[in-house]
Asks: 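To start, I am sharing the structure in question, which I have written as structure tokens.
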Number of protein chains: 2
Amino acid sequence: MSAGSSPKRRTPPLPGRPVRGSATGRPVMALLDLLGRRWVQRIIWELRGEALSFRALRTACDEVSPSVLNARLGDLRTAGLVELSEAGYRLTPEGQSLLRLMLPLHDWAERWARRWR
Amino acid sequence: MSAGSSPKRRTPPLPGRPVRGSATGRPVMALLDLLGRRWVQRIIWELRGEALSFRALRTACDEVSPSVLNARLGDLRTAGLVELSEAGYRLTPEGQSLLRLMLPLHDWAERWARRWR
DNA sequence: ACTCGACGCTACGAAAATCGTAGCGATACT
DNA sequence: AGTATCGCTACGATTTTCGTAGCGTCGAGT
């Protein structure tokens, strides 16, 4: 490990504690903070099917920088939405229940796109 | 390093054109790019009720920096999700239909929070 | 007319997040 | 030994976000 004991601790958003943009830490605000970080929703989206290795996930996310991917996976693991299994990274049951809320976004986006054709 | 004099235009994510993290421009990827920008989901969330003035919206979003707020409002207006009316900023019908997909996040977050108490 | 306050919004330097590339140590198979 | 993949780290460059100050406009009040 060591990892140089970072001089600045990055705090993943969790319900019940102050997050960016909300001193109250109301759960929905913590969630919006988490989901508003780049690649977070995309990662959840790409894990909708089978488990993916770190590298496969990186490829699925258009070769996202590994430092950011690792940071996001840390956030998501801390939040209890993602876990690393034998087969690779995958959604926890909690993560799957959140994914279920996101799935309708696909069809919505398709309809949205028709306005731009 | 280009000494280019062009002010580097920021392109809001729209379906059908390449966006950050997806050369294809598939609608859902454009949407995830848009929603993954900071404050975007929060802005939609805060506009779930009545129309809000720029300043009221800024206050609702915990005094977010006006430059970022304006940039996001530009993205959202270009995307056809938000419009400026007499009464202030408000969601378009399109934006309201997206909000409807987001509303369940509140209850989900409440349940999520119970794991951390 | 003049001040006052609120409006949408811009400027700009500082700080933080993100990116891109290279590579490490471990493990496994040849 | 050589090759390949694994999760993951380092670190400088770039982009985004932040924080504060303030501009120009408008309508209400005096």
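So that the names make sense, note that chain A is the first sequence line, chain B the second, and so on, each numbered from 1. Everything numeric here is computed off the predicted structure, so don't read it as measured data.
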Asks: Measure CZ/Arg77(A) against P/dG7(D) and give the value in whole Å, please.
Replies: 10 Å
Asks: Tell me whether Arg48(B) contacts the main-chain N or O of Trp45(B) through its side chain, where contact means a donor paired with an acceptor under 3.5 Å.
Replies: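 Between the backbone of Trp45(B) and the side chain of Arg48(B) there is a qualifying donor-acceptor contact (under 3.5 Å).
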Asks: Take atom CZ of Arg20(B) and atom C1' of dC19(C), then tell me their distance rounded to the nearest Å.
Replies: 11 Å
Asks: Can you find a side chain N or O atom of Ser67(B) that sits less than 4.0 Å from OP1 or OP2 on dT10(C)?
Replies: no
Asks: Can you check the Glu86(A) CD to dC6(D) C1' distance for me, whole Å?
Replies: 13 Å
Asks: Calculate the interatomic distance between Glu63(B) atom CD and dT17(D) atom P; express it in whole Å.
Replies: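 These atoms are roughly 19 Å apart.
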Asks: Taking the side chain as C-beta and beyond, is there a heavy-atom pair between Met29(A) and Arg42(B) under 4.5 Å?
Replies: yes
Asks: Given dT21(C), dG8(C), dC18(D), identify the nucleotide with an atom nearest to the side chain of Arg58(A).
Replies: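 When the side chain of Arg58(A) is considered, dT21(C) is the closest of dT21(C), dG8(C), dC18(D).
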Asks: Trp39(A) side chain N/O closer than 4.0 Å to the phosphate oxygens (OP1, OP2) of dA17(C)?
Replies: no
Asks: Do the side chain of Arg77(B) and the main chain of Glu83(B) share a donor and acceptor less than 3.5 angstrom apart?
Replies: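 Pair absent, no side-chain N/O of Arg77(B) close to backbone of Glu83(B).
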Asks: To the nearest Å, give me how far apart CG (Asp33(B)) and P (dT15(D)) are.
Replies: 15 Å
Asks: Mind calculating the distance between CZ (Arg72(B)) and C1' (dT17(D)) to the nearest angstrom?
Replies: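 Roughly 8 Å, once rounded to whole Å.
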Asks: When all nucleic acid strands are considered with a 4.0 Å heavy-atom cut-off, which category describes Arg55(B): base, sugar-phosphate, or nothing?
Replies: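 The answer is base, as Arg55(B) lies within the cut-off (heavy atoms under 4.0 Å) of a base atom.
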Asks: Between Leu73(A) and Arg38(A), which residue's closest nucleotide on DNA chain D lies nearer the 5′ terminus?
Replies: Leu73(A)
Asks: To the nearest Å, how far apart are Leu57(B) CG and dG8(C) P?
Replies: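 The distance from CG of Leu57(B) to P of dG8(C) comes to 9 Å, rounded to the nearest Å.
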Asks: Please check the phosphate of dT10(C) (OP1 and OP2 only) for any side-chain N or O of Asn70(B) closer than 4.0 Å.
Replies: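 So the side chain of Asn70(B) is within the cut-off, an N or O lying under 4.0 Å from OP1 or OP2 of dT10(C).
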Asks: Say whether, by atom type as modelled, one donor and one acceptor occur between the side chain of Trp112(B) and the main chain of Gly80(A) under 3.5 angstrom.
Replies: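 A pair under 3.5 Å: no.
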Asks: Need one value for Ser65(B): base, sugar-phosphate or nothing, where a base atom within 4.0 Å counts as base even if backbone is also close, heavy atoms only.
Replies: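 The answer is base, as Ser65(B) lies within the cut-off (heavy atoms under 4.0 Å) of a base atom.
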Asks: Which nucleotide in the list dG8(C), dA17(C), dT20(D) gets nearest to the side chain of Pro66(B)?
Replies: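 The listed nucleotide nearest to Pro66(B)'s side chain is dT20(D).
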Asks: Are more than 12 heavy atoms from other residues, nucleotides or ligands located less than 6.0 Å from atom CZ of Arg20(B)?
Replies: yes
Asks: In whole angstroms, how far is the C1' atom of dA6(C) from the CZ atom of Phe54(B)?
Replies: 13 Å
